[in-house]
Structures are given as C-alpha cells and as structure tokens.
Peer 1: 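Quick one: structure below, then a few questions.
Below, chain A is the first sequence line, B the second, and so on; all start at residue 1. FYI, side chains are in, hydrogens and waters are out, and symmetry mates aren't considered; it's all heavy atoms of this structure.
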2 protein chains.
Amino acid sequence: MGTTGRTESPRERYRQQVREEVKEKAWQQIAGSGASALSLNAIARQMGMSGPALYRYFANRDELITELIRDAYRSLADAFAGAGTGSGEGGAGRAGLAALAQVLRRWALEDPHRYFLVYGTPVPGYRAPQDTTAITAEMMSVLLDACTAEAPEGREGALEEHLAGHREWAGSHPDAPPSALRLALAFWSRLHGVLSLELAGHFTGMGLDPARLYAAEVDGLTA
Amino acid sequence: MGTTGRTESPRERYRQQVREEVKEKAWQQIAGSGASALSLNAIARQMGMSGPALYRYFANRDELITELIRDAYRSLADAFAGAGTGSGEGGAGRAGLAALAQVLRRWALEDPHRYFLVYGTPVPGYRAPQDTTAITAEMMSVLLDACTAEAPEGREGALEEHLAGHREWAGSHPDAPPSALRLALAFWSRLHGVLSLELAGHFTGMGLDPARLYAAEVDGLTA
DNA sequence: CATTCTAGTTATAGCTTCTAACGAACACGA
DNA sequence: TCGTGTTCGTTAGAAGCTATAACTAGAATG
C-alpha cells in the first residue's frame, strides 16, 4: 500500500515536503479568507521564496486548489471510516447513523471553509471528477453499512422503486434494500441542508440553535 | 410604494439606467462563469466604455456583488410571493407547500449561479445583513402561511419546545404553532439540502434523478 | 570529473481593482 | 443668454495577481 513513487529518492522526498508545506500555508490562508482569496504569491512570500518558484510544484492555481479539494474529501472520508473505532467500542465496529451524523457535523465545524471546498459553490476550473467520486463512494459505503442496519422494513414508495433500479452509486452494497438506499440519501441531503445553512450564517440573527435543528433531523432519520 | 429617490431628475434617471445595464451585464457574466469570475473591467469593455467609469456607479466590486445578491434575494422573495397567484386560482390565494417547493426549485434551476449567490459559499466582503434578513423574513412569512395551514396537530417534541421559545425569526406570525415553525424550517433546510447537492453536481454520475429525490422530500414534508 | 537535471532567481506580459487628475458636457440660476 | 458648478467619462498610474521565459547556482548521476 505504498505511495505511487517507487524508491523515494531524497530529491523526491524534498519535493513532497515542499508540496506539503505549500498546502499547509494554503489551508491557513483558506481558513482565514476562503478559497477565493488564495494567492500563490502570498504563499511563496510566506515561505520565504519568491513567486514563480511555486510553479515547480504546482502547474497552476487550479491544480493546487483541486488538490486541496481532494484532500478535503479524503479527510472527510477518513473521519467517516474512523467513526466506528471510537472510545467505547473495541475494533472497527460499525458506526451508527447518529454517530456518523456527529462526525459529519464536527468535521464541518472544525473548518467551515474546508466544508465549503467540498460542498459549497462549485468553482469554474476546479474539481477532479474521477478522484472525488471514488472517495464519495467510500463514504457511501460506510453510510450504507449503517443504513442497512438501521433502515426500516418494507415501506415501498415511488422513490424506493426508482432507487431499486438506479443503484450504480451504491456499488459497494449491491444487495442493500431500497429503504436503506433511500435512508442514506436522506441522511446525506438533509444533514447537508442544515449544515450548509448553518455554516453560511443563514441562521444567525434568527435566535435559534443550529445544533438542535441538526439533532432533530438526526432523530427524524433514525426514528 | 415609489422608489426612494424623490423627484426623479432626468440625470438620476439616466444614472439608474446605466446601473441597471451594468447589473444586467454582470448577471450575464455570472451566468457564464460564476460570481468569482465577475470583472468590472470586462463589463465596462462590454458596454463600450473604459474601466474606471464604472466607479461612478458602484463604489467597488463588492458593492456591485452585494447589490446582485440583494436582487437575487428579492427575485426569490417575489417568486414566493407570486406562488399563490398562479394560473388556476383567482386572486392572491395562499400557496400550498407543494406549490412553494416547485417555485423554489424552478427558481433555482432557472439560474444556478443566482441560487449560489444566495445560498452558496459566503464570500468575504459581500453580504448586506440588514437588507437580506428583511427579505428572508418576507419569504418566511409566505412559508409560514402555508405551514400553519398544513402543519399537523400536536406532536410536541424537544425541537418544538425550543422553537416555541425562540420565534423571533417568525415575527410575522407570532401565533403560529410550534409545529408550523418546525415544518417551515424543515421545508427550508431539506429542500435546500437536495437542491444545493443537485446544483453543485454531486448527483451527477450517480445515475439517479434529482427531481424524484426532491419530490420525495416534498412528499415527506406535506405528509 | 563532466554532464545533466532541477530548484530557484529575476524580468516581463497581461490581467485585475482602484485612485488621481483632467476635460468635456450638461443643468441651472442670474 | 451667459456664467458656474456638478457630474460623467477619459487617460495615467499604482499595486496586486497569475503565469511564462530566460537564466544561474547547486545537486545527482554517468
């Protein structure tokens, strides 16, 4: 399971190290003012080297941002995957829907700008389709584990019928009942609904507690 | 109900006209490549006048974008308000939740970038708090009309209790039952959840029909 | 040791927002 | 009708950005 590079020459080693530092500074900058304000020049300055040097490491600004998006996806997928291995449980136990929901919200609040990099307004040049969809499939797999365990019995509606015939996205769970597929999609879209409104500040000044709204949606999902 | 300017001098008239034309070009540009790619210079060029002339009409780029955001809010609020006065019904009849949901989705699909200007990633300098919250209150008023009519009876949960004590945001409907408040928030957050995922392209390649997902959420709300 | 390959440099083009200074056209009171 | 003042639009320019080109110093490799 080693990385793609084979012998890891000391040169390549240094290269990766610099790339990581660039991305680190980039995250700091994003955390401060969002991805649209990310400046290669500023990063270079901050690293003590001047402007065009960064183009040795990233072809252009879009490539850097695309990489950051990919890392954001990765970090969310890892958080999901690690949800089962929490304090109480022993090994890699299956995480319940409620636990996954908490992981998701915690991850989002930990760095809202990172959340928006994944689920916010899509920006023109960015987004690497192949990569991110594979990572999303990973998360869906974890989610579907929980959903097949917690989904209610029968309850066949129009949507379930549609989902039964369109389950390509749930490739990891070809035998999941339609009710589980539906639950997974509801989990995804509803929690994202509350979260994005909260993080974008649409609840501020309304005097209500986003955490309670979120909890209510989670309750509605697991009921 | 006239505009704020009083006597409408011919000079002011022309000024407003140019402002409108600028915003129009701005919308075209946004529709093409999103708000982040909006360029004052390009707009000026497109209008046959050169660069800094636009600064007679807008203090800076952020002011223009803020205005566009406000107009986007306005257009959504108008769409909501006009939902009752549809084809079949006579005058300004109350719109049902299902009708409002359709209006919302139609509005969003009509110009995704406009949707993201309102509900997408919040961008640094923009957003005029006072203005937009007032318009949101308008929409909430229409929404609460429908919700008080269609909300189920009792059903008191933890969230309803919280909402009963925090109803500042529903100022227009001080007597709305908590179940209606809850329904309105669920409508808002759930439909936004599906919509934003759809518009951001997170469903593409999954082989499922966003319209059906949306319809299913609407059904769940009105059930 | 010589060659090659690479990381970093400066210079530059072209784009952006935005300020400053100026000219020209218009509105308006005398 | 004639100033006078406000306003619109211009060009020039500062400061910032992305990105390319040409070059140099240093490390890796034959």
Side-chain angles (χ1 to χ4, degrees), chain A residues 5-30 32-69 123-127, chain B residues 4-30 32-69 117 123-127:
Chain A
R6 51 180 65 200
T7 330
E8 288 285 335
S9 79
R11 201 126 197 199
E12 194 64 22
R13 217 181 174 69
Y14 172 74
R15 187 177 174 76
Q16 292 304 330
Q17 197 174 318
V18 174
R19 278 178 66 93
E20 281 308 311
E21 190 178 343
V22 171
K23 292 204 275 184
E24 199 178 316
K25 304 288 183 194
W27 279 118
Q28 292 174 12
Q29 218 172 291
I30 284 178
S33 319
S36 61
L38 186 145
S39 157
L40 291 188
N41 256 353
I43 291 175
R45 214 177 306 130
Q46 212 172 344
M47 289 178 64
M49 62 194 203
S50 219
L54 293 197
Y55 288 81
R56 295 278 168 193
Y57 300 93
F58 297 91
N60 50 37
R61 189 173 175 271
D62 282 9
E63 189 185 286
L64 171 58
I65 295 191
T66 300
E67 194 125 333
L68 295 175
I69 292 177
V123 243
Y126 324 136
R127 190 125 330 202
Chain B
T4 48
R6 53 180 65 198
T7 328
E8 289 284 338
S9 78
R11 201 119 197 204
E12 193 65 21
R13 216 180 173 70
Y14 173 73
R15 186 176 176 76
Q16 293 304 330
Q17 197 174 319
V18 174
R19 279 178 66 94
E20 281 310 311
E21 189 177 346
V22 171
K23 292 205 276 186
E24 198 178 315
K25 303 288 185 195
W27 279 118
Q28 292 175 12
Q29 218 171 291
I30 285 178
S33 320
S36 62
L38 185 144
S39 157
L40 290 189
N41 256 356
I43 291 175
R45 214 177 306 130
Q46 214 173 342
M47 289 178 64
M49 63 193 200
S50 218
L54 293 196
Y55 287 81
R56 295 277 170 196
Y57 301 92
F58 297 91
N60 50 39
R61 189 173 176 271
D62 281 8
E63 190 186 285
L64 172 56
I65 294 192
T66 299
E67 195 125 334
L68 295 175
I69 291 177
L117 222 47
V123 243
Y126 325 134
R127 192 126 329 205

Peer 1: Would one find a side-chain N or O of Tyr55(A) under 4.0 angstrom from OP1 or OP2 of dT9(C)?
Peer 2: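 No, Tyr55(A) has no side-chain N/O under 4.0 Å of OP1/OP2 on dT9(C).
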Peer 1: Output the rounded distance in Å from CG (Leu54(A)) to C1' (dT6(C)).
Peer 2: 15 Å
Peer 1: Among dT6(D), dC18(C), dT20(D), which nucleotide has an atom closest to any side-chain atom of Arg11(B)?
Peer 2: dT6(D)
Peer 1: Going through the distances and angles, do Ile65(A) and Val123(A) end up as a side chain to side chain contact (heavy atoms under 4.5 Å, CB included)?
Peer 2: CA-CA 10 Å; Ile65(A) 295 191; Val123(A) 243; 5.6 Å; no
Peer 1: With a non-hydrogen cut-off below 4.0 angstrom, is Asn60(B) in contact with a base, only sugar-phosphate, or nothing?
Peer 2: sugar-phosphate
Peer 1: So do Phe58(A) and Thr66(A) actually touch side chain to side chain, heavy atoms under 4.5 Å?
Peer 2: no
Peer 1: Below the 4.0 Å mark, does dC17(D) have OP1 or OP2 next to a side-chain nitrogen or oxygen of Ser39(A)?
Peer 2: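 Checking dC17(D) against Ser39(A), a side-chain N or O does come within under 4.0 Å of OP1 or OP2.
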Peer 1: With a non-hydrogen cut-off below 4.0 angstrom, is Arg15(B) in contact with a base, only sugar-phosphate, or nothing?
Peer 2: sugar-phosphate
Peer 1: Write down the distance between CG (Asp62(A)) and P (dC17(D)), rounded to a whole number of angstrom.
Peer 2: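 From Asp62(A) CG to dC17(D) P: 17 Å.
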Peer 1: Phosphate oxygens OP1/OP2 of dC17(D): is one of them under 4.0 Å from a side-chain N or O of Arg45(A)?
Peer 2: yes
Peer 1: Please give, in whole Å, the distance from dG26(D) P to Tyr14(A) OH?
Peer 2: 14 Å
Peer 1: Given atom CZ of Arg56(B) and atom P of dA21(C), what is their separation to the nearest angstrom?
Peer 2: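 Nearest whole value for this atom pair: 13 Å.
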Peer 1: Go through dA19(D), dC17(D), dG9(D) for me and flag the one nearest to the Met49(B) side chain.
Peer 2: dG9(D)
Peer 1: Quick check for you: to the nearest 0.5 Å, what is the distance between Lys25(A) atom NZ and Leu54(A) atom CG?
Peer 2: 12.0 Å
Peer 1: Rounded at 0.5 Å granularity, tell me how far CZ in Arg45(B) sits from CG in Leu40(B).
Peer 2: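 The distance works out to 11.0 Å.
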Peer 1: Pick the closest DNA chain D nucleotide for Ala42(A) and for Pro52(A) by heavy atoms, then say which residue is nearer the 5' end.
Peer 2: Ala42(A)
Peer 1: Assign Tyr57(B) to base, sugar-phosphate, or nothing according to its heavy-atom contacts below 4.0 angstrom with the strands shown.
Peer 2: sugar-phosphate
